[in-house]
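Taking it in order: structure first as structure tokens, then the write-up.
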Amino acid sequence: MDAFDLFRKLGAGAKFDLKRFGQDAARFKVNLTDAAGDVLDEKITSNSKVTEEEEGDGEEYEEGGESEDSGAGGKRKHKDEERDVKRKKKKTKRKQTELEGTGCGCLELTGRFQLFLSFPDVNRIRSQHRINVHGSDVPDPVCTFEELQSEYRLNPRVIQNLKDAGLNSPTPVQMQAIPLMMHGRELLACAPTGSGKTLAFCLPLLAHLQQPANLGFRAVIISPTRELASQTYRELLRLSEGVGFRVHIIDKASLAAKKYGPQSSKKYDILVSTPNRLIFLLNQDPPALDLSSVEWLVVDESDKLFEGGKTGFREQLATVFLACSGSKVRRAFYSATCTSDVEQWCRLNLDNLVSVNIGHRNTAVETVEQELLFVGTENGKLVAMRDIIKKGFLPPMLVFVQSIDRARELFHELVYEGINVDVIHADRTQQQRDNVVSSFRSGKIWVLICTALLARGIDFKGVNLVLNYDFPTSAVEYIHRIGRTGRAGHQGKAITFFTENDKPLLRSIANVIKQAGCPVPDYMIGFKKIHSKVKRRLEKRPPKRSAICTTPRFLMKKKGNAPNRGQKGEKQTFPYISSHICSCIIN
DNA sequence: AAAAAAT
């Protein structure tokens with residue numbers, strides 16, 4: 001069974017099974033042995049803390065996640081003893097599993113690290129920045145961008161471009177992931193929202209490619225949405241300004257078919273795209289895209305792109321992997337959240353994998369002030385939303401809903417409020433989507449209603465408020481949504497509406513909030529843990545919600561005709577907006 | 001069966 005077969009098997013929804021995939025597991029063990037052997041020659045970075053700090057796949061968001069840095073410690077004092085004991089037990093158990101299993105073969109070698117002079121320093125730097133690495137022969141983190149020039153021959157013009165953009169020193173994920181990629185190491189990097197992941201893979205790509213060359217695409221970046229692809233593309237353009245790299249994004253696959261054909265594709269260096277467009281081009285006869293010279297394949301938002309199911313991304317990703325047929329191809333996976341699925345796959349299929357984790361996995365950033373707001377019923381949401389608008393808020397604000405229909409409905413309710421509001425979802429045209437994003441970036445839109453389309457990766461500068469109008473369908477989705485604010489160390493705020501229907505997922509999200517240091521009512525944490533089967537069902541079928549509408553039925557006779565906004569009509573149309581205070585709000 | 005993803 002080769003790696004691709006395995007990928008297909010996993011893609012079909014099969015769970016990892018040591019017996020079935022014994023061959024691959026055996027191969028993996030060989031890798032491990034090699035890794036352990038190398039320890040003697042080179043410095044190595046894992047230590048016992050790594051195991052203790054790892055929070056597994058974060059499935060339940062149950063654990064307190066005690067931080068070692070004192071700054072965060074103060075916020076996490078609401079520990080009850082019982083839970084503490086429970087967690088310690090869990091940790092011990094996990095530690096044993098790790099040692100017995102294939103998790104890390106180097107824990108017992110800690111003593112040898114002392115032979116290397118630089119080790120204490122490197123270790124201090126890593127713990128200072130909450131960098132946890134797992135793997136063998138891990139290069140030292142870099143502390144300045146200048147080191148990238150001196151040690152990794154990054155074009156000085158790129159560093160100048162960084163400085164011009166106001167970026168003066170690398171973030172933790174950049175400190176560790178960049179040298180790793182420069183050493184050609186395949187990696188799985190997990191770092192919080194807004195912590196500089198894009199730059200963490202773009203810089204090493206530019207340094208690795210060195211010069212523009214007519215060899216065809218040598219680096220490919222895959223994103224789950226066009227908006228994210230286009231943002232990454234623009235970031236790359238800005239970084240490589242004056243260096244001459246040919247960066248490309250596939251904007252229209254039909255046009256691209258001509259542009260990137262076998263003869264002409266040699267003119268490009270880096271490709272950014274969503275996966276299905278690549279598939280479309282690869283499936284042309286003859287193929288309109290050649291990925292055989294790809295040396296780096298970056299999978300951004302990797303857990304999203306690993307989503308299976310009939311129409312999931314996983315199969316598409318597999319096809320792209322297969323198309324990158326060159327012998328030199330290296331792969332890097334980045335995301336703010338990581339599922340055990342992705343990790344298992346990476347452990348089995350990537351060459352001598354290194355995992356980089358910044359802080360605790362699958363946690364929300366502490367720079368977002370998070371609040372849960374009970375609004376009673378569906379109608380309560382609209383009332384509370386209008387209340388927020390009426391009380392005054394600092395735009396820009398992002399409002400997340402669960403479906404395209406609900407995005408449309410909410411837009412129609414708010415479009416007459418006298419605020420600049422717009423809506424974005426996958427059913428709008430690309431032109432509309434592009435216009436909305438650029439208007440929101442430039443401040444012309446104050447309130448943007450959106451679906452999961454904008455939940456991941458998108459970097460709007462200075463979003464002051466994220467409002468979860470509809471409860472997120474999972475803790476992971478919650479983390480990504482609220483990660484649109486509080487980016488790059490800035491302060492942000494997130495409010496999440498919930499009703500009686502949202503009770504099943506309340507506990508896991510309350511735990512995320514508590515772990516990020518925000519207060520949460522005790523009773524929520526006390527809720528019963530939901531069964532993972534129920535949780536999966538909720539992700540696929542969120543609670544049914546009644547339509548977003550406050551217009552009395554008698555005013556809705558004319559279909560498609562918006563309620564009159566006239567002075568007299570306004571009172572009739574929205575008779576209870578301005579004075580009504582949501583009595584249900586308890587928080 | 002949310003949303004996303006080719007024309």
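Numbered from 1 within each chain, the chains take letters A, B, ... in sequence-line order.
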### Query
Within the structure shown, what part of the strands sits under 4.0 Å from Thr473(A) by heavy-atom distance: base, sugar-phosphate, or nothing?
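Contact class for Thr473(A): none.
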### Task
Would you indicate what Ile279(A) reaches in the nucleic acid, counting non-hydrogen atoms under 4.0 angstrom: base, sugar-phosphate, or nothing?
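Nothing, no nucleic acid heavy atom in range.
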Out of [options], which has the shortest distance to the side chain of [X]?
X	options	value
Glu477(A)	dA2(B), dA3(B), dA6(B)	dA2(B)
Arg433(A)	dA6(B), dA4(B), dA3(B)	dA4(B)
Gln316(A)	dA3(B), dA5(B), dA2(B)	dA5(B)
Glu227(A)	dT7(B), dA5(B), dA3(B)	dA5(B)

What is the distance from [atom1] of [X] to [atom2] of [N], rounded to the nearest Å?
X	N	atom1	atom2	result
Phe400(A)	dA2(B)	CZ	C1'	14 Å
Arg456(A)	dA5(B)	CZ	P	14 Å
Ile458(A)	dA4(B)	CD1	P	12 Å
Arg408(A)	dA2(B)	CZ	C1'	14 Å

### Message
Under a 3.5 Å distance rule, please check whether Lys197(A) uses its side chain to pair with a backbone N or O of Pro192(A) as donor and acceptor.
### Response
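Yes.
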### Any donor-acceptor pair under 3.5 Å from Ser293(A) side chain to Leu215(A) backbone
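Looks like yes, one N/O pair under 3.5 Å.
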[N] OP1/OP2 closer than 4.0 Å to side-chain N/O of [X]:
X	N	result
Thr225(A)	dA5(B)	no
Arg226(A)	dA4(B)	no
Thr274(A)	dA6(B)	yes

### Query
Sequence neighbours excluded, which residues qualify as ring-ring contact (aromatic ring centres under 6.0 Å, His included) partners of Phe471(A)?
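ring-ring contact (aromatic ring centres under 6.0 Å, His included) check on Phe471(A) returns nothing, list empty.
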Quick one: side chains of residues 298-306 of chain A, donor-acceptor pairs under 3.5 Å with protein atoms, not counting sequence neighbours, listed by atom name and distance.
| unit_1 | atom_1 | unit_2 | atom_2 | d |
| --- | --- | --- | --- | --- |
| Glu301(A) | OE1 | Arg456(A) | NH1 | 2.8 |
| Glu301(A) | OE2 | Gly457(A) | N | 3.3 |
| Ser302(A) | OG | Tyr334(A) | O | 3.2 |
| Asp303(A) | OD1 | Ser335(A) | OG | 2.7 |
| Asp303(A) | OD1 | Arg456(A) | NH1 | 2.9 |
| Asp303(A) | OD2 | Thr337(A) | OG1 | 2.3 |
| Asp303(A) | OD2 | Arg456(A) | NH2 | 3.1 |
| Lys304(A) | NZ | Glu307(A) | OE2 | 3.4 |

